Amino acid sequence: MSLRLLLFILAAVMVMIWMVKPHRESTTQATPSSIEVPVADSPPRDRTVASVRAPARSSPPPSPTPLAQAPSPPIREGMPKLDEIREEIARDPHSPPLSGLRFTIMIAQRMQKAQGSEEESRKLFAEVEDCARNEDPASSVPSLQAVCLQTAREIVERYPGLQNRFDEMMAKAEPEAAAIAREVR
């Protein structure tokens, strides 16, 4: 995975936090704990991508499932809504929203899986194309749509035959999401 994509994901999460900052209603802080996110094709000891602060749970978190065994849900289904992100920030304003982090990690894992396979890359492109559509502006998160646009750009760099579809995608994207994606380039 390219350094540019990782930096973009970090920037998207920071923009997401900045976007919902005025909507924080509560400063109650939950006791943090750590969750692990599995990485595809890595040795068992090195499966953790990041240790993310999360609200304390009454029961222990489920153990991570290796990517090869876990079915990949459609990217659109994993994309959190704006209200969900606002709730997470209200519960813990000092940590990035976990749903946004999970979403960007899911896309990064899918990119890693698609590397080297034109067929997998084309499938992923179709999914991020769907993700970048602005069907419900009231609940969409432009920074996460920008992650989808940037992912599509990375795929187009490897498979230029998708350039026309990418140009259409950028033209139809929410202006704020397209602007964020252009800035990352």
Side-chain angles (χ1 to χ4, degrees), residues 1-24 37 39 49-53 72 74-90 92-115 118 120-185:
M1 181 178 336
S2 72
L3 178 61
R4 187 172 23 167
L5 181 59
L6 290 174
L7 290 173
F8 178 73
I9 291 170
L10 178 62
V13 169
M14 296 308 293
V15 168
M16 185 174 23
I17 291 170
W18 175 79
M19 271 182 41
V20 294
K21 190 175 184 180
H23 304 287
R24 293 182 182 158
V37 180
V39 178
V49 164
S51 182
V52 183
R53 294 176 62 130
S72 298
I75 289 176
R76 183 75 163 186
E77 288 179 18
M79 187 174 192
K81 300 290 184 202
L82 186 57
D83 291 339
E84 181 181 350
I85 289 174
R86 285 181 177 158
E87 288 172 14
E88 289 178 20
I89 290 175
D92 185 3
H94 304 290
S95 298
L98 287 175
S99 60
L101 290 174
R102 284 187 194 110
F103 177 73
T104 56
I105 290 169
M106 178 180 68
I107 287 185
Q109 288 175 335
R110 296 288 300 277
M111 277 291 286
Q112 186 177 26
K113 181 180 173 185
Q115 278 184 331
E118 185 171 357
E120 287 296 318
S121 294
R122 286 183 180 277
K123 286 179 188 176
L124 180 58
F125 187 88
E127 286 192 56
V128 295
E129 192 173 31
D130 182 47
C131 159
R133 284 193 194 107
N134 186 20
E135 294 175 355
D136 185 9
S139 67
S140 65
V141 182
S143 58
L144 295 181
Q145 289 175 316
V147 170
C148 294
L149 292 170
Q150 181 61 24
T151 302
R153 176 179 285 131
E154 295 266 333
I155 294 170
V156 167
E157 287 175 3
R158 283 184 277 153
Y159 303 103
L162 296 168
Q163 183 66 50
N164 290 339
R165 284 175 59 188
F166 175 72
D167 293 341
E168 284 180 36
M169 186 187 326
M170 285 293 283
K172 292 178 181 177
E174 184 174 332
E176 187 177 354
I180 294 169
R182 276 192 217 77
E183 287 295 318
V184 173
R185 190 174 177 119

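Here the structure is a predicted model, which is why all the values come from computation and not from measurement.
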Close side-chain approach of Gln145 and Met79, heavy atoms under 4.5 Å: yes

Side chains of Phe166 and Pro160 in contact at under 4.5 Å (non-hydrogen atoms): no

Non-hydrogen side-chain atoms of Gln109 and Lys113 separated by less than 4.5 Å: no

Where Met106 and Gly78 come nearest, the two heavy atoms and their spacing: CE-CA, 3.9 Å

SB check Glu118 Arg122 (cutoff 4.0 Å): yes

Which residues share a side-chain hydrogen bond (donor to acceptor under 3.5 Å, both in side chains) with Arg165, sequence neighbours left out: Glu129

Minimum-distance pair of heavy atoms, taken over all atoms of Ser121 and Ala114: OG-O, 3.1 Å

Separation between CD1 of Ile180 and CD of Glu174, rounded to the nearest 0.5 Å: 8.5 Å

Smallest separation among heavy atoms of Gln163 and Val156, with atom names: OE1-CG1, 2.9 Å

With sequence neighbours excluded, residues passing side-chain hydrogen bond (donor to acceptor under 3.5 Å, both in side chains) with Glu168: none

Side chain proximity check, Ile85 to Leu144, heavy atoms < 4.5 angstrom: yes

Heavy-atom closest pair, residues Ala173 and Leu149: CB-CD1, 3.8 Å

Option passing side-chain contact (heavy atoms from CB on, under 4.5 Å) with Ile155 (candidates Gln115, Met111, Gln150, Glu120): Met111

Test side chain to side chain contact (heavy atoms under 4.5 Å, CB included) applied to Ile107 and Ile75, step by step: CA-CA 7 Å; Ile107 287 185; Ile75 289 176; 4.1 Å; yes

Flag side-chain contact, heavy atom, 4.5 Å: Phe125 against Met169: yes

Interatomic spacing from CZ in Arg76 to CZ in Phe103 - rounded to 0.5 Å: 9.0 Å

Pairwise distance OG(Ser99) to NZ(Lys81) - rounded to 0.5 angstrom: 11.5 Å

Shortest non-hydrogen contact between Met170 and Ala181, atoms and distance: CE-CB, 4.4 Å

Derivation of the side chain to side chain contact (heavy atoms under 4.5 Å, CB included) call for Ile105 and Arg102: CA-CA 5 Å; Ile105 290 169; Arg102 284 187 194 110; 5.8 Å; no

